[in-house]
Amino acid sequence: MGKTKDKLSSKDWFLASVAGIASYLDAALLVSASIALAIWSDYFNINPWWTGVTSTSLTLSVAIGALFGGRLSDKFGRVRVFNIDILLVAIGSILIAFSNSMEMLLIGLIIAGLASGADLPTSLAVITERVSPKHHGKVITITEMFWILGILLSQALGFITSTIGMMGTRILFIWIAVIALINWGVRVFSPKFRQIEHELYEQNAHKNIDAHATQKVSIKSIFSSKKYLVPLISVTGFYLFWNIPANTWGSFVNYFLVTINGRSQSYSTALGFFANLAALAVLFFIYMKLADTKYRYTMMHTGIFLCVLSFVVSGIFGGTSWIIFSVAYFIYSACNNLHGESIYKIWTQSFYSPDMRASITGVSIAIVRILTAICSVFTPVIMNYSPDLLMWLLVASLLICWVFAGSTIKLVKKYNIPDPGIKESGVTEKVAAISQK
């Protein structure tokens, strides 16, 4: 009986799936741009610096979108902003698909990035506000599964179209536009979806508020109160130093394998596809089953360790060896979701009340994406200068991420945040009791 209660309902799945398209589109945009990067570089005849700028324009736009989108959704309505964002993603993707100049390409990347970024904190807040607190780990894992699906489908399409040059990149972004338009149609015109949104809100909104026992807090007080600011710094630091390696390979793995290691576009796309297929399997069969259990942080530490090890091996034995790098990349991709964005999303929803989650998550995502965008400008240059140096920089990034992970867990304990991964959290049982009422 207990196991049945721990399962997500069909309504939870439907809500999380429709909202999870935000994560799908975020990943699909980044990966499709990564796949297209080498082709764009050749088609528009741009140098490594402009290659970095092209990738950075998308990353930076996602950051700015998250910053303002989260705040706008808390102020004017999460569902309203939730629906507008997705339509703009479609418009931006169409511009990218049919771009015949660098100017048009950059405009499309900026529009799609802004809208996709705005949808990330908004969709996350919509989900967690409508789902029981004891299931937050599971529904957040569903958004991560959609993120991986965004990578996988983009890589599959990239592999299929890898021999047709610029036409292949157009197909990639037309597909993104189609998915965004279909999702927009469901969000705006489906009576069933609107009914489920309303029913789940009525059923679970009070549980989320009661579970956190928080009073309404202004955004201004977040930056003046140690209780709120310190967790924001710690969680954001964790996500930043996890995201630097993730964005490096999400945006530049094809460029690295094709330009630095001399592999074909087909090989690099196929490697990414199978590595992320393994990542999806880890998410579904391991992380989703254990995310809301006492093994939450055991998984996190294991994931970080294996990811660090993969880059250490590649750094020692040579980043220019495509065989060693391929194995290291596969291990990294498979283990990267045992920690990182999944636990980051859980923490952003745990430290703050429902009425401020989108705003705070938006601020955090914006900081991370902006700093990651700055790194992206230099990444192709570092790759060309020394692949081994790049590997050791990524090792350092993950080690710093690990330190922030430890500090955040201490804050979870200090503030008695409900968390199944911490035994001494007496509030966890209280949350479970509230959720069953």
Side-chain angles (χ1 to χ4, degrees), residues 27-28 30-35 37-38 141 144-160 162 241-288 299-343 379 382-383 387-399 401-402:
L30 290 171
V31 174
S32 295
S34 168
I35 292 171
L37 204 56
T141 303
E144 285 301 290
M145 288 168 61
F146 272 93
W147 193 76
I148 296 295
L149 280 173
I151 296 173
L152 284 171
L153 290 181
S154 298
Q155 289 171 332
L157 275 175
F159 179 74
I160 293 169
S162 61
F241 289 101
W242 173 85
N243 199 60
I244 288 173
N247 182 72
T248 296
W249 299 127
S251 298
F252 296 106
V253 66
N254 280 55
Y255 181 82
F256 184 79
L257 283 165
V258 173
T259 305
I260 308 301
N261 285 340
R263 300 296 96 194
S264 67
Q265 183 81 2
S266 298
Y267 174 84
S268 59
T269 306
L271 173 64
F273 177 82
F274 287 110
N276 284 293
L277 191 63
L280 183 63
V282 169
L283 264 177
F284 184 75
F285 292 108
I286 299 176
Y287 196 90
M288 190 170 183
M299 286 192 298
M300 183 193 75
H301 292 303
T302 302
I304 297 176
F305 172 77
L306 291 173
C307 288
V308 169
L309 182 63
S310 68
F311 290 138
V312 167
V313 170
S314 191
I316 291 174
F317 294 101
T320 52
S321 170
W322 66 270
I323 296 177
I324 292 174
F325 173 76
S326 296
V327 173
Y329 173 74
F330 190 90
I331 293 171
Y332 167 77
S333 298
C335 299
N336 200 36
N337 290 286
L338 292 175
H339 63 108
E341 193 162 79
S342 297
I343 193 64
T379 300
I382 296 173
M383 283 182 176
D388 291 349
L389 173 62
L390 177 69
M391 298 303 165
W392 290 114
L393 288 173
L394 297 180
V395 168
S397 183
L398 282 173
L399 289 175
C401 165
W402 209 342

Check your understanding: OH of Tyr255 to OG of Ser34: how many Å apart, nearest 0.5 Å?
Key -> 11.5 Å
Point to revise | Heavy-atom check, side chain of Thr248 versus side chain of Met383, under 4.5 Å | key: yes
Review point. Does some side-chain heavy atom of Met288 sit less than 4.5 Å from a side-chain heavy atom of Glu144?
Key: no
Check your understanding: Side chains of Leu398 and His339: does their closest heavy-atom pair fall under 4.5 Å?
Key -> yes
Point to revise | pair Val258-Arg263: side-chain heavy atoms closer than 4.5 Å | key: no
Exercise for review: Enter the distance from Leu277:CG to Phe330:CZ here, rounded to the nearest 0.5 Å.
Suggested key: 8.0 Å
Review point. Hey, what do you get for CD1 (Ile382) to CD1 (Ile260), rounding to the nearest 0.5 Å?
Key: 11.5 Å
Exercise for review: State, with a plain yes or no, whether a side-chain heavy atom of Ile343 is found less than 4.5 Å away from one of Tyr287.
Suggested key: yes
Review point. Can you tell me if Ser310 uses its side chain to pair, donor with acceptor, with the backbone of Cys307 under 3.5 Å?
Key: yes
Check your understanding: Does the side chain of Phe325 reach to within under 4.5 Å of the side chain of Val253, using non-hydrogen atoms?
Key -> yes
Point to revise | Test side-chain contact (heavy atoms from CB on, under 4.5 Å) applied to Val312 and Val308, step by step | key: CA-CA 6 Å; Val312 167; Val308 169; 4.1 Å; yes
Exercise for review: Assess the side chains of His301 and Trp402: does a donor N or O sit below 3.5 Å from an acceptor N or O?
Suggested key: yes
Point to revise | Residue pair Phe284 / Thr141, side-chain heavy-atom distance below 4.5 Å | key: no
Check your understanding: Considering residues, nucleotides and ligands other than Tyr267, do more than 12 of their heavy atoms fall under 6.0 Å from its OH?
Key -> yes
Check your understanding: Among all residues two or more places apart in sequence or in another chain, which pass the side chain to side chain donor-acceptor pair (under 3.5 Å) test with Ser264?
Key -> none
Check your understanding: Does the Asn276 side chain pair with the main chain of Gly272, one donor and one acceptor, at a distance under 3.5 Å?
Key -> yes
Review point. So, Ser162 and Ser266: side-chain donor and acceptor under 3.5 Å apart, yes or no?
Key: yes
**Study point:** Shortest non-hydrogen contact from Ser154 toward Ile35
**Key:** O-CD1, 3.4 Å
Practice item. Over all heavy atoms of both residues, which pair between Leu280 and Ile148 is shortest? Give the atoms and the distance, please. Key: CB-CG2, 3.5 Å
**Study point:** Heavy-atom closest pair, residues Ser342 and Leu283
**Key:** OG-CD2, 4.1 Å
Exercise for review: Determine, step by step, whether Leu257 and Tyr329 satisfy the side-chain contact (heavy atoms from CB on, under 4.5 Å) criterion, reporting the C-alpha distance in whole Å, the side-chain angles of both residues, the deciding distance to 0.1 Å, and the verdict.
Suggested key: CA-CA 11 Å; Leu257 283 165; Tyr329 173 74; over 6 Å; no
Check your understanding: If you measure from CG on Leu390 to OG1 on Thr379, what distance do you get to the nearest 0.5 Å?
Key -> 7.0 Å
**Study point:** Polar contact flag, side-chain donor to acceptor under 3.5 angstrom, Asn336-Trp249
**Key:** no
Study note, to complete from the structure: Taken to the nearest 0.5 Å, the spacing of Ile331 CD1 from Ser314 OG works out to 10.0 Å
Practice item. Could you tell me if the ring centre of Tyr332 sits under 6.0 Å from that of Phe311? Key: yes
Review point. Where the side chain of Ser397 meets the backbone of Pro245, is there a donor-acceptor pair that is under 3.5 Å apart?
Key: no
Review point. Could you give the distance from CZ (Phe317) to CD1 (Ile324), rounded to the nearest 0.5 Å?
Key: 6.5 Å
Practice item. Answer whether the closest heavy-atom distance between the side chains of Leu338 and Met300 falls below 4.5 Å. Key: no
